[in-house]
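Each chain gets a letter, A, B and so on, in the order its sequence line appears, and its residues count up from 1.
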Amino acid sequence: MTEINLDHADPKFKDEVAALRGAERIKLCYACGVCSARCPVGEINSGFDPRRIIRLIVLGLREEVLAGPWPWICSTCFTCQETCPQGVKFTEVMFAIKNMAARAGHFPPGLSAQPDLLRAKGRLYEISDFENQKRAELDLPPLEEAPAHFEIILRDFHLKSGGGD
Amino acid sequence: MSWALFLGCTVPVRNLNYEASVRKTAGKLGLDLVDLPQFGCCGFPLKSLSLEKALVIAARNLALAQDRGLDVAAVCSACAATLTEAEHILAHDPELLEKVNRELAELGLSYRGGVKVRHYSRILYEDLGPEKIRAAVIKPLTGLRFAPHYGCHYLKPAEVMDHFDDPENPRGLAELISALGAEAVDYPGLKDCCGGGVLGVDEDLAQKMAFHKLDALDRLGVTGLAVICPFCNVMFEGQQKAMAKKFGSKLKVPLFFYPQLLGLALGFKPDELGFKHNRIKDKDMLKPFE
Amino acid sequence: MDHVLNKIIVLPPPAVLAGWGIDPNRLTSELGRAAEVVTVSSWDQAANLAPPENSGVVLVGRAEPLPALKALQTTIDLASWTPWMAGPPHEKALALITAALAEVSLGRKATFRRIVPEKKVLVWGRGPAAEKTTAALLGAGLEVILLGGAPDFSPEPAWSGRFTSLPQARFQGLKGFPGRFTVFLSSDDGSRELSVGAVVLCGVDAGSTRDPAAGPGGAGRPGFKLAFTAGLEQAATSGDMGRIMTAAAAAARETDNAVFILAPHVKVAGPGLERLYTAAREAGVVFLRTPDGGPRTATTPDGRTEFRFFDGAARADIRLAPDFLVPDEPRKPDSTLSEAAGLMNLTLGEDGYLAPDNTLFLPAATNRRGILALGPARGTFSADVLDREIGSAAGEIGRLLTPVEIQDNRLVNDPGRCAICLTCVRTCPVGALDYVERPVADPLACVECGLCAAECPGDALQLEGFTDPQIKARLRILLERPRTKDDFIPRLVLFGCRRSAFPALAAAPTPETPVDLVPIPLPCAGKIEQDLVFSAFLQGADGVMVVSCHHDNCRTHQGSRDAARRGRHLKMLLEKAGFEPARLSFFTLAPNMGVEFQRATVEFKDRIKELGPSPLSGGGS
């Protein structure tokens, strides 16, 4: 992206983001860049630039932010969040953006399995006799899968198809 | 002191050495860990997709503990952070608590707030304290040098964690290592993220993040890296050989869960602490403890 | 005439002196012939020295005079100064004290006067600022005359006995001094005079806090973009910035429009600005930083102005074509302000408001004590800043209008030399001088900067403690000290403002290479005179430094500029005389810039070392 035409931007986007838990202070960013300077992901992939992501949100570049790869490669290390002089919780902003993106159908392919696993097993990994046998070798008590509650909690939760980009 | 033991998804399947050493050391130090069969996922895997659902799942676990009158001891840093954060959010937002409780009501549960959530290492550091641990040591780990890896979610967000340790200059784990008679090695990459958070999305990126730290430690020459989170362990132990191959390095940094080291110092045998599950280790180091 | 009778040297305890490498017994015996030597264990003790009024006191080891000690005083900050001087510690201390003693010997005894100010204030202006100020002063127990207020304005009835409103009267002039001004007014029925203790200029405010207009609020169609510019044509003042941010924030809150502020720099270094900036961001205003050369502009096919510029944070070019554009233009103060400033000798800022760009004029001060300016008179845009100004003004007036006992002979005029040219009256930056048979300085108004004395063409006016003979005596004694024999260490005279240069010296790290400094404090760097610089060179200085406050931090808003101007002039004269002008250095410092003081001084010393000994010094190797 070499040019941003604000005729095609969505000024309400920043307000929608700011209304989400953890992202309340996003509009206070004055672009000092401490987040980007300390970001361990940005150190390896210079395309990942927290300050730029905030700027794109504030400028209203909805599609650029939601459909892009950036929110998903935040390592959630919280370094930026602990350092921000304006109290912008960037890691939480990334979670909020991921939620929005997921609702819009943008999420990495691996993630769609997780709600299904939880509904089926109540946990991410299967507990079978094999696992419990290995546990018994170390005197660890057997475990069981208890998915009932998860079926109820997640019964209406379905990712919009079209994810996996 | 009694705590509900929250194992999470990964540890009881992938890190039996960690779980075994937690149970053994807790027993020896007088910490009563109670198993709640209904405990399941902490909610963290859903946080990226739906903060609300993640919160309900976390609150479910808190409510289960509350029903038994117990605080929660978690062994995975992501679980500890998710549950601590849920308690923190609900304590500050009565409206949201009410909303969450409407969902919990369908499960026959309700959460009134106030359950304390602690990472097992934080319990050792805060509730027990390095001095008591030092006093309980039978076989000091003299001459061994361990680099602590705190991991991100163990300390941060500091506000949620009551600033129990300083993320910019953490000390707790180093003190816990020193309490065992070993040397806690300070090193330049102490605060670096393991990269585990992006492993599923961008393997190459995650490996570069983890390799950076391991490579530096390898040059420094340490007995091993002490971790307290299964995700950090996946990066530093599980990915180590692949990274060494990929980046053309001969690096070998043994990995330990801190409670395993604690267990050795408290007089347990390596087998009791599941050391055979450690994939990168120095067998000679364990000989004195056989 | 009234020279001081007693000379007292106040020394710190022997252990302190010994810590500075000085032999206390030797010092006492060497000084004992010249003056009474007193050793004190605390400065409180020194403040109670008797007999005070006809004494000249040298305080050894102190940076500032003691306010409680009613005597002519001079201070020697031994611990800070001596590391910058060459020679053995004992000899340096003795020279400094001897020089100070010579200075007080040439001084006059201090006389004091009791002043009982008029507890009456003239408030001039119309609108909320004038009315709130009136209420605050009445609330503080003062009497208020409101000039030019709204005819229907009346404060709470309980205060009516102390309130007079003169809505129609016109201001014709003012004379006198803080606490006892005489104000001249005229109206259709004739003229009148009023005695007041203080004057507050509030300016005229129509009551609107919402100009410029917040744009077309109703134009809420989706995608409607409203943009303000701030400082694209010429730098926006902090007042302009405040008004623009206020209007933009209101527009963002009250409409669904996208609101932008295009500015090369967002000034938040003014009262209340940072809070406004935060409020504007919270309201959704997007700040776009334009490049220093200005954004590229074009016109879109539908007739909008389009701005294009690179945005560093977004790492991309931005195109913005607002549907409605509010270009900034500098706000002009109402015409009465410059008239009032002329009538009262007040310093105006560059934008025409009574708020020169100088931190010492905040929050409501003018260059004249007892005359304050606030609200529309200083271009204030926000209600909470106005409240702060009023609070500060009321406090300052309360302090000023309290009876006080004060020294009244710091400024001395020699009638035999005075040509009654009134240069001093015109020069005084704080309006403290009047001519009543001879120039007199009002002790409440005078800030003792000495600019009048520096400008006086006949040397008829002198500031006690810094008279020409006093400064020259100090200079002579310190320049007569023996030079180091072996290696050439340039001898540098420091003429420095006591508010900036000397605190900076005290805060400076000790130089790593030897320096041979001659410390000469001045009340304000603007006190420097050609004569003093020439004296220094003629008596062997290898270099002369004149060090002043930063221009916009100068107590008088003038002295620092005067010093710079004289420095330039002197360099020209030196050059014409065939003397290296590089031997004179002028620079500005803030009091806390110790490191910078060290760097500048050492660099100057190295430069002079390259030039070699002064042709006039006869010193060096």
Side-chain angles (χ1 to χ4, degrees), chain A residues 20-22 40-41 43-45 48 69 71-79 81-83 89 91-92 94-96 98-99 101-103 107-108 110-112 114-115 117-118 121-127 131 134-135 137-141 143-150 152-154 157 159, chain B residues 7-10 12-14 16-17 19-20 23-24 35 37-41 45-53 55-57 60 89 93 96 103-104 106-107 109 151-153 155-158 167-168 191-198 200-202 204-206 208-209 212 271-272 274 277:
Chain A
L20 298 174
R21 174 170 297 280
V41 172
E43 197 175 318
I44 290 161
N45 180 344
F48 186 82
W72 304 99
I73 62 167
C74 166
S75 78
T76 74
C77 73
F78 290 101
T79 306
Q81 182 159 326
E82 294 291 331
T83 319
K89 298 178 176 176
T91 312
E92 305 298 354
M94 285 296 91
F95 277 114
K98 282 183 271 194
N99 279 205
R103 272 199 301 278
F107 49 88
L111 244 64
S112 57
Q114 300 198 343
L117 276 170
L118 293 186
K121 303 177 187 306
R123 43 176 70 240
L124 287 185
Y125 298 110
E126 185 180 35
I127 302 285
E131 277 77 27
K134 271 174 65 183
R135 292 176 57 77
E137 288 169 19
L138 265 171
D139 268 350
L140 301 173
L143 290 175
E144 53 192 77
E145 292 169 359
H149 285 175
F150 290 83
I152 298 170
I153 295 171
L154 298 175
F157 184 74
L159 289 172
Chain B
L7 291 168
C9 301
T10 309
V13 178
R14 301 277 178 92
L16 303 184
N17 50 353
E19 182 183 340
R23 289 181 187 272
K24 289 274 193 279
D35 284 290
Q38 279 194 297
F39 270 166
C41 171
L46 284 191
K47 191 176 173 185
S48 293
L49 300 172
S50 167
L51 293 165
E52 291 80 9
K53 290 297 172 195
L55 190 63
V56 174
I57 292 171
R60 166 190 174 267
I89 289 173
D93 191 342
L96 187 61
E103 294 210 38
L104 293 182
E106 287 192 61
L107 317 176
L109 292 170
C152 304
H153 293 240
L155 302 169
K156 297 179 276 191
E168 292 297 330
K191 296 181 287 182
D192 289 358
C193 171
C194 70
V198 293
V201 184
D202 188 339
D204 189 61
L205 171 67
K208 280 178 178 152
M209 291 172 74
H212 189 253
D271 276 353
E272 296 175 279
H277 290 271

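In terms of heavy-atom pairs under 4.5 Å with chain B, the best-connected choice from A:Ala96, A:Pro115, A:Ala101 is A:Pro115. Between chain A and the options B:Leu49, B:Val13, B:Asp35, B:Val198, the largest number of non-hydrogen pairs under 4.5 Å is found for B:Leu49. Among the candidates A:Gln114, A:Glu43, A:Gln81, the residue making the largest number of heavy-atom pairs closer than 4.5 Å to chain B is A:Gln114. Interface remark: of the candidates A:Glu137, A:Arg135, A:Lys98, A:Arg103, A:Arg135 forms the most heavy-atom pairs closer than 4.5 Å to chain B. Interface remark: of the candidates B:Pro45, B:Gly274, B:Gly197, B:Pro45 forms the most heavy-atom pairs closer than 4.5 Å to chain A. Most heavy-atom pairs under 4.5 Å with chain B, from the set A:Leu124, A:Ile73, A:Asn99, A:Ile152: that is A:Asn99. Among A:Ile44, A:Asn45, A:Thr91, the residue making the largest number of heavy-atom pairs under 4.5 Å with chain B is A:Ile44. Highest contact tally toward chain B, considering only A:Pro141, A:Gly110, A:Cys74, is held by A:Pro141 [criterion: heavy-atom pairs under 4.5 Å].
Of the candidates B:Pro167, B:Cys194, B:Cys152, B:Cys152 is the only one forming a side-chain contact (heavy atoms from CB on, under 4.5 Å) with A:Cys77.
Taking CG of B:Leu107 as the start and CD1 of A:Ile153 as the end, the distance is 5.0 Å to the nearest 0.5 Å. The distance from the CZ atom of A:Phe107 to the OG atom of B:Ser48 is 12.0 Å, given to the nearest 0.5 Å. Between the NE2 atom in B:His277 and the CG atom in A:Leu138 there is a gap of 4.5 Å [rounded to 0.5 Å]. Atom CD in B:Glu272 sits 9.0 Å away from atom CG in A:Asp139 (nearest 0.5 Å). In this structure, B:Cys41 SG and A:Lys121 NZ are separated by 14.0 Å, a value rounded to the nearest 0.5 Å.
In this structure, the portion of A:Glu126 lying under 4.5 Å from any heavy atom of chain B is its backbone and not its side chain. Only the side chain of A:Leu143 has a heavy atom closer than 4.5 Å to any heavy atom of chain B. Only the side chain of A:Phe157 comes within less than 4.5 Å of a heavy atom of chain B; its backbone N, CA, C and O stay farther away. In this structure, no portion of B:Leu104 lies under 4.5 Å from any heavy atom of chain A. Contacts of A:Phe48 with chain B are absent, with no heavy-atom separation under 4.5 Å from either backbone or side chain. If you measure heavy-atom distances from A:Leu118 to chain B, the contacts under 4.5 Å come from the side chain alone. Looking at A:Thr79, the atoms closer than 4.5 Å to chain B (heavy atoms on both sides) sit in the backbone and in the side chain alike. Neither the backbone nor the side chain of A:Pro71 has a heavy atom closer than 4.5 Å to any heavy atom of chain B. When heavy atoms are compared at a cutoff of 4.5 Å, A:Lys134 approaches chain B by way of both its backbone and its side chain. Contacts of B:Glu168 with chain A are made by side-chain atoms alone, with heavy-atom separations under 4.5 Å and no backbone atom involved. If you measure heavy-atom distances from A:Leu117 to chain B, you find no contacts under 4.5 Å at all. Proximity to chain A is limited to the side chain of B:Leu7, based on heavy atoms less than 4.5 angstrom apart.
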TODO: Dump the intermediate steps for side-chain contact (heavy atoms from CB on, under 4.5 Å) on B:Leu51 and A:Leu20, then the final yes or no.
DONE: CA-CA 10 Å; B:Leu51 293 165; A:Leu20 298 174; 5.6 Å; no

- [ ] Walk me through it: do A:Arg21 and B:Ile89 pass the test side-chain contact (heavy atoms from CB on, under 4.5 Å)?
- [x] CA-CA 10 Å; A:Arg21 174 170 297 280; B:Ile89 289 173; 3.3 Å; yes

TODO: For the pair B:Leu109 and A:His149, evaluate side-chain contact (heavy atoms from CB on, under 4.5 Å) and give the outcome as yes or no after the intermediate values.
DONE: CA-CA 10 Å; B:Leu109 292 170; A:His149 285 175; 3.9 Å; yes

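B:Gln38 contributes no side-chain N or O that, together with a main-chain N or O of A:Ala146, makes up a donor-acceptor pair within less than 3.5 Å. Of the possible polar contacts, none joining the B:Arg23 side chain to the A:Leu140 backbone as a donor-acceptor pair under 3.5 Å is found.
For the pair A:Trp72 and B:Val201, the tightest heavy-atom approach, listed with the atom from each and the gap, is O-CG2, 3.7 Å. Here the closest non-hydrogen pair linking B:His153 and A:Phe78 is CE1-CE1, 3.7 Å.
The side-chain heavy atoms of B:Pro157 and A:Lys89, taken from C-beta on, include no pair separated by under 4.5 Å. Contact of the B:Leu46 side chain with the A:Leu154 side chain is registered, since non-hydrogen atoms from C-beta on lie closer than 4.5 Å.
Listed by chain and number, the residues in a salt bridge (charged side-chain N to carboxylate O under 4.0 Å, His left out) with B:Asp271 amount to none (sequence neighbours excluded). For B:Arg14, the side-chain contact (heavy atoms from CB on, under 4.5 Å) partners are A:Tyr125, B:Thr10, not counting sequence neighbours.
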